[in-house]
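A quick write-up on the structure given underneath.
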Amino acid sequence: MKRTHHCNELRKADAGSPANIVGWIDSVRDHGGILFIDLRDREGKTQLVLDPENSELTKIFGELKPESVIQASGEVHERDGDTVNVNLPTGEVEIHVVDLLIHNQSKTPPFPMDDEADRVGEELRLAYRYLDLRRPKNLETLKLRHKASKAIRDYFDANGFLDVETPMLFKSTPEGAREFLAPSRLNPGKFYALPQSPQQYKQMLMVAGVERYYQMARCFRDEDLRADRQPEFTQVDVEMSFIDREDMYGLIEGLLKKVWQETLGTEIETPFLRMPFEDAMNRFGSDKPDLRFGLEIKDFSDTFRESDFKVFSGTIASGGSVKAFNAKGLADLTQGELKHLEETAKSLGAKGLAFIKSENGEWKSPILKFLSQSEQNKLREDLSVEDGDIIFFAAGDWESSCNILGRVRLESATLLEKRGKIERSPTDWKFLWVIEFPLMSHDEEQGRYVATHHPFTSPVPEDIELLDSEPKKVRGQHYDIVLNGVELGGGSIRIHQPDLQKKVFEEILAIPADVVKSRFGYMLEAFTFGAPPHGGIALGLDRLVAILVGRDSIRDVIAFPKTQKGQDLMTDSPSVATDKQLRDLHIRSVLPESD
RNA sequence: GGGGGUGUAGCUCAAUUGGUUAGAGCGCUGGCCUGUCACGCCAGAGGUCGCGGGUUCGAGUCCCGUCACUCCCGCCA
């Protein structure tokens, strides 16, 4: 009673031969006498024909419910010309069923199993994730994800990389993301932490002489969720010895080329564009710019340095910047849309969102009366303002004026796209490397420098001397790979000199010496036993696959994702632990006061 | 921690200014139908309007609170 074919296998040439297939009932069409079933498995559909002459079969007609699992055997018949279904690869044949076994009868599913279900609330689909995944569209996503990981594994294997597993029970290192803790039964009062990434282990593998390492690494971060952030996710983790940045760019460009070939059959162009962090911020207001459209930001600090408009000149006098971009063709935006853009700007710390509309041959703006003719001319020229355009401004410190206009630029793109004035095709692949990030940034809250990426990133050689004098100006040998406004991954050349690493920890990041010793002591020691120069990168596999299949949320490409509150609605986790479990682990729950 | 959105039948949605018995499509149940393929036709069942409170002669609709899901800010070395 073994199946002989899957549901997308039989063709005209099979006519006359016996077949035995299994699958889920996709639909039943009962004509009173003759009855048709579309049987579905993960490969496709095949039509079964149940003839009323077979009285054994007629008895169970009433039990053939959609989504039931059945097995059917019979003979493959070629269909008559006018009954061929051109929409199915198996549409030229059907199986005339002799025997039919119901393996498992299905209740009526809580939501439709066709493409209609894309509109069904995610809450319900997550509670019945096994049904949602059963839909062909979602099985295709799992298949594509598999193809992507296989391409990745094949690529690294072919390039001499070793797949090495690293511990999930790691040590708590409070720098960085909040961690999930795992209590240790054998060590009362002590805890492991689940890794935010295998960063330190992979560097130790380099010291160990592995030379080329990769891993599909599960990572855990106990931070708030987003469409592109889950508390556990998968990272394509890579580390190599004896390389420089150029080697890494080439390696990853080759990897992505192969992934695109193997999953979509698409050729992407390499090498990728490279853009320094500062340019990305200045031109696009983002460290992960979407290059599928223009609307570039320009700096007008020089233009407004002496301006009568005090909001601008005052900002510049106190060291800030005035920036603007032309949202080309958006002068017809509605009051509501303008208000929304203002809210966006304000949510990023702007006091408001200054704008100038160019409509019917004249400029209209609440701030126009403050701007001199030469200032207006400069804007018109530098931003190529034409009728129907609208200029948006931001004034503030360099970083926040970039960020504000970066967001307004993205929102404007959405509005322009609705009007058909620009296009952001999900298959217009605009890759780039963002490079030369600052090694550290000043944390206002903590009043000290923190590593922009992580504290193991090596400074670019010519900036090392600035470490003591102007740490802010030191650029790191860090690189991010960006695609269509999404940060796919990032990495760096690491520090492999114990003295430099110690200096970064203690002097620049101002981590107390005893903390450095307890947390990173083993690492500093490891670097004294022959540490090779090395570097690496990590790519978010979930984001990569989401982009490949054109989904906005990584939940769509994870088999069992969690909701925004970190719950799995299917298994109803997390859940309370028993008193015995807690006792064994030497811990106690202290619930927040509810009043 | 903060801001926005959503919540009405199993599913997707509608319900005028607060006003009679809350509707439609799909699905489901029953019946008819021997070439359909999202089969068709006929009939029927199905509602804690997320939950709690308030205003009102009267609340799906207005107000307050709360829960869930979601988008974003903070956060994510």
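Residue numbers begin at 1 in each chain, while the letters A, B, ... track the order of the sequences. Computation of the quantities below employed the complete heavy-atom set of this structure, encompassing side-chain atoms and omitting hydrogens, waters and symmetry-equivalent molecules. In this text the structure is predicted, and so the values were computed from the model without any measurement.
When heavy atoms are screened at a 4.0 angstrom cut-off, A:Glu411 is found touching no nucleic acid atom at all. In this structure, A:Ala117 reaches neither bases nor backbone, as no heavy-atom distance under 4.0 Å exists between it and the strands shown. Counting non-hydrogen atoms under 4.0 angstrom, A:Val86 reaches nothing in the nucleic acid. A:Lys346 comes within 4.0 angstrom of nothing in the nucleic acid, heavy atoms only. Residue A:Arg79 is in base contact, counting any heavy-atom pair closer than 4.0 Å across all strands shown. Nucleic acid contact for A:Arg407: sugar-phosphate only, since backbone atoms but no base atoms lie under 4.0 Å from a heavy atom of the residue. Within 4.0 Å (heavy atoms only), A:Arg519 reaches no atom of the nucleic acid at all.
Relative orientation of the A:Tyr128 and A:Tyr130 rings is perpendicular, given thresholds of 30° and 60° on the angle between their planes.
With a cut-off of 3.5 Å on both pairing distances, the Watson-Crick or G-U wobble partner of B:U12 is B:A24. With a cut-off of 3.5 Å on both Watson-Crick or G-U wobble distances, the partner of B:G65 is given as B:C51. Base pairing annotation: B:A43 forms a Watson-Crick or G-U wobble pair with B:U29, both donor-acceptor distances under 3.5 Å.
No side-chain N or O of A:Asp556 forms a donor-acceptor pair with one of A:Ser553 less than 3.5 Å apart. Checked by atom type, the side-chain pair A:Arg494/A:Ser458 shows no donor-acceptor distance below 3.5 Å.
Across B:C62 and B:U21, the matching C1' atoms stand 24 Å from one another, rounded to whole Å. Nucleotides B:G52 and B:G19 are separated by 25 Å at their C1' atoms, to the nearest Å. Using atom P as the reference point in both B:C33 and B:C69, the two lie 50 Å apart (nearest Å). Comparing the same atom, P, in B:C64 and in B:U20 gives a spacing of 25 Å after rounding to whole Å. Rounded to whole Å, the C1' atom of B:G23 lies 29 Å from the corresponding atom of B:U66.
At a cut-off of 3.5 angstrom, counting only N and O atoms as typed in the model, there is a donor on one side and an acceptor on the other between the side-chain of A:Arg229 and the base of B:C75. A donor-acceptor contact under 3.5 angstrom links the side-chain atoms of A:Asp224 to the base of B:G74.
Here the side chain of A:His96 is nearest to one of B:U29, B:G35, B:C71, namely B:G35. Checking B:C71, B:C39, B:C76 against every side-chain atom of A:His31, the shortest atom distance belongs to B:C39. In the set B:C76, B:C28, B:G35, B:C28 carries the atom at the smallest distance from any side-chain atom of A:Pro66. Of the candidates B:C76, B:A68, B:U36, B:C76 carries the atom nearest the A:Glu223 side chain, counting heavy atoms from C-beta on. Here the side chain of A:Asp30 is nearest to one of B:U29, B:C69, B:C33, namely B:C33.
Side-chain nitrogen and oxygen atoms of A:Thr83 include none within less than 4.0 Å of the OP1 or OP2 phosphate oxygen of B:C37. Applying the 4.0 Å criterion to OP1 and OP2 of B:A38, one finds that A:Ser27 has every side-chain N and O outside that range. One finds no side-chain N or O of A:Arg543 lying less than 4.0 angstrom from the OP1 or OP2 phosphate oxygen of B:C76. Put simply, A:Gln567 has a side-chain N or O that comes within less than 4.0 Å of OP1 or OP2 on B:C69. At the phosphate of B:C73, OP1 or OP2 sits under 4.0 Å from a side-chain N or O atom of A:Arg226. The shortest distance between the side-chain N/O atoms of A:Arg29 and the OP1/OP2 oxygens of B:U36 is not below 4.0 Å.
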TODO: Start with the C-alpha gap between A:Phe61 and A:Val28, add the side-chain angles, then the distance that decides, and say whether side chain to side chain contact (heavy atoms under 4.5 Å, CB included) holds.
DONE: CA-CA 10 Å; A:Phe61 273 18; A:Val28 181; over 6 Å; no
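Closest approach of A:Gln200 to A:Phe520, counting heavy atoms only: NE2-CE2, 3.8 Å. Heavy-atom minimum distance, A:Met248 versus A:Met240: CE-SD, 4.3 Å.
Listed by residue number, A:Gln47, A:Pro52 are the residues of residues 41-52 of chain A with a heavy-atom contact under 4.0 Å to RNA chain B.
Mapping A:Val28 and A:Glu53 onto RNA chain B by nearest heavy atom places A:Glu53 closer to the 5' end of the strand. Take the nearest nucleotide of RNA chain B for A:Thr108 and for A:Leu569: the residue whose nucleotide is more 5' is A:Thr108.
By the 4.0 Å N-to-carboxylate-O rule, A:Arg129 lies too far from A:Glu122 to be salt-bridged with it. We find that A:Asp38 and A:Arg29 are joined by a salt bridge, their nearest charged nitrogen and carboxylate oxygen being less than 4.0 Å apart.
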Between N or O atoms, less than 3.5 Å apart, protein on one side and nucleotides 3-11 of chain B on the other: list the pairs.
{"residue": "B:G10", "atom": "O2'", "partner": "A:Pro110", "partner atom": "O", "Å": "2.6"}

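Cation-pi contact between A:Arg135 and A:Phe111: absent, since separation from the ring centre below 6.0 Å together with deviation from the ring axis within 45° is not met.
The backbone N or O of A:Val98 sits less than 3.5 Å from a side-chain atom of A:Asn54, completing a donor-acceptor pair. Judged purely by atom type and a 3.5 angstrom limit, A:His31 has no side-chain atom pairing as donor or acceptor with the backbone of A:Gly33.
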Below 3.5 Å, can you tabulate the donor-acceptor pairs from side chains in residues 87-94 of chain A to any protein atom, sequence neighbours excluded?
{"residue": "A:Thr90", "atom": "OG1", "partner": "A:Lys45", "partner atom": "O", "Å": "2.5"}
{"residue": "A:Glu94", "atom": "OE1", "partner": "A:Gln47", "partner atom": "NE2", "Å": "3.1"}
{"residue": "A:Glu94", "atom": "OE2", "partner": "A:His96", "partner atom": "NE2", "Å": "3.1"}

